[in-house]
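Each chain gets a letter, A, B and so on, in the order its sequence line appears, and its residues count up from 1.
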Number of protein chains: 2
Amino acid sequence: MEEIDRRIVALLAHDGRMSFTDLARETGLSVSAVHQRVRRLEKRGVIRGYAAIVNHDAIGLPLTAFVSIKPIDPAAPDDAPDRLAHLTAIEACHSVAGDESYILKVRVASPVALEDLLQQIRASAHVSTRTTVVLSTPYEHRAPVVAGEPVSGQESHD
Amino acid sequence: MEEIDRRIVALLAHDGRMSFTDLARETGLSVSAVHQRVRRLEKRGVIRGYAAIVNHDAIGLPLTAFVSIKPIDPAAPDDAPDRLAHLTAIEACHSVAGDESYILKVRVASPVALEDLLQQIRASAHVSTRTTVVLSTPYEHRAPVVAGEPVSGQESHD
DNA sequence: CTTGAAAACTTGTGTTC
DNA sequence: GAACACAAGTTTTCAAG
């Protein structure tokens, strides 16, 4: 992927509704050229989609938590992600290295709803859980630096 | 916030570039009415913004990790989020309950870049770190259920 | 990648309930 | 106060060079 594509991705990561006209101005390309590139980035899966960034407090899901899970029976086939997919309170599921096997990010309405969710997780995936409650979120959803922008903390020093 | 607003938020969380025309069709309102509602949701901060969902493998940041941090000196003033904000590899920073004080989500290019980032985190915020590397991500960025849609795992059973 | 033109979308105004 | 209809100005989209 080259410079202009990276620029386009960076711009859309920052403002997912930016118009092709503005993208064209920012990149110095014609509108049609940007349009073509964006469609190609979408088709190649570099851009997976677009989403509104929602204030969870405002939509009745003010409680966020990270739930680490570990299989009760380590010998059983591990299909936890599939077994948990129907629980819409789970925003993300990451397979991780370390003591536990997955980290889930969940959003719920209240402590009671969290308790309820944890029971459903344990029952659905036959796992034990360890929960870390989020108290506040200083920042989140920061757009990635796609190289070409000023970089911090990830240069290689060959 | 009432039914139609919740519907609009859910639709935009699922497809952040959906047109007002389509939102109007989905909600049964006129185009102008939806337009007005979306602008109000943005102004009230219910919708914080819009972002492209990016494939991090494709943009040269294939390594994701969760970094839990703990102050070296628990008595010192806690301004870790501010001190870390310049590190663009940090996508999110959550203050959490538990043994550690923050959980960071980071995206880097390689194990070496992660090592480098961890040193910068420790130096910038005067903290110790505990890192959990993400091996794979079965799902992420799932849109929230804004109530009114079929719900799973977060009902209240009064 | 560019031009160019048709179709669709955004966004304001004025009106109605 | 909220929704609708209409219309001007933009933007999206696609074909052809």
query: Is a side-chain N or O of A/S101 found less than 3.5 angstrom from the main chain of A/S95, in a donor-acceptor match?
result: no
Contact list for residues 118-136 of chain B, test salt bridge (Lys or Arg N to Asp or Glu O under 4.0 Å), sequence neighbours left out: B/E100-B/R130
Kindly list each side-chain donor-acceptor pair under 3.5 angstrom involving residues 56-67 of chain A, sequence neighbours excluded, with atom names and distances?
residue, atom, partner, partner atom, Å
A/H56, ND1, A/V54, O, 3.3
A/H56, NE2, A/R107, NE, 3.4
A/T64, OG1, A/R107, NH1, 2.8

query: What residues form a side-chain hydrogen bond (donor to acceptor under 3.5 Å, both in side chains) with B/R25, not counting sequence neighbours?
result: B/D22
task: Could you check which residues of residues 35-46 of chain B get a heavy atom under 4.0 Å from DNA chain C? Sort them by number, please.
output: B/H35, B/R39
- prompt: What residues, two or more places apart in sequence or in another chain, satisfy salt bridge (charged side-chain N to carboxylate O under 4.0 Å, His left out) together with A/D73?
  reply: none
query: For the helix from C/dC1-D/dG17 to C/dC17-D/dG1, what is the angle between the axes at its two ends, each from 5 pairs, rounded to 10°?
result: 30°
field: Positional range of nucleotides in DNA chain C within the contact set of chain B, heavy-atom, under 4.0 Å
entry: C/dC9 to C/dG12
- prompt: In this structure, which one of A/V46, A/V146, A/V38 forms a side-chain contact (heavy atoms from CB on, under 4.5 Å) with A/I8?
  reply: A/V38
query: Of all heavy-atom pairs between B/V108 and B/A89, which one has the smallest distance, and what is that distance?
result: CG1-CB, 4.1 Å
- request: Pick base, sugar-phosphate or nothing for B/A33, based on heavy-atom distances below 4.0 Å to the nucleic acid.
  value: sugar-phosphate
- prompt: Does any N or O in the side chain of B/R17 come within less than 3.5 Å of the main-chain N or O of A/M18, such that one atom is a donor and the other an acceptor?
  reply: yes
- prompt: Is a side-chain N or O of B/R83 found less than 3.5 angstrom from the main chain of B/D78, in a donor-acceptor match?
  reply: no
message: I'd like to know if the side chain of B/Y139 and the backbone of A/P81 have a donor-acceptor N/O pair within less than 3.5 Å.
response: yes
- prompt: Looking only at heavy atoms, what is the nearest atom pair of A/N55 and B/G45, with distance?
  reply: CB-O, 3.1 Å
query: Checking B/R142 side chain against A/A85 main chain: does a donor-acceptor pair fall under 3.5 Å?
result: yes
message: Quick check for you: name the first and last nucleotides of DNA chain D, 5' to 3', having an atom under 4.0 Å from a heavy atom of chain A.
response: D/dT11 to D/dC14
Salt bridge (charged side-chain N to carboxylate O under 4.0 Å, His left out) against B/R48, all qualifying residues, sequence neighbours excluded: none
field: Any pair counted as ring pair (Phe, Tyr, Trp, His ring centres under 6.0 Å), so long as it reaches residues 96-129 of chain B, sequence neighbours left out
entry: none
task: Name every residue in residues 15-31 of chain A that has at least one heavy atom under 4.0 Å from any atom of DNA chain C, in order of residue number, or write none if there are no such residues.
output: A/R17, A/S30
- request: Mind checking side-chain hydrogen bond (donor to acceptor under 3.5 Å, both in side chains) for A/R39 and listing every partner two or more places apart, or none if nothing turns up?
  value: A/E42
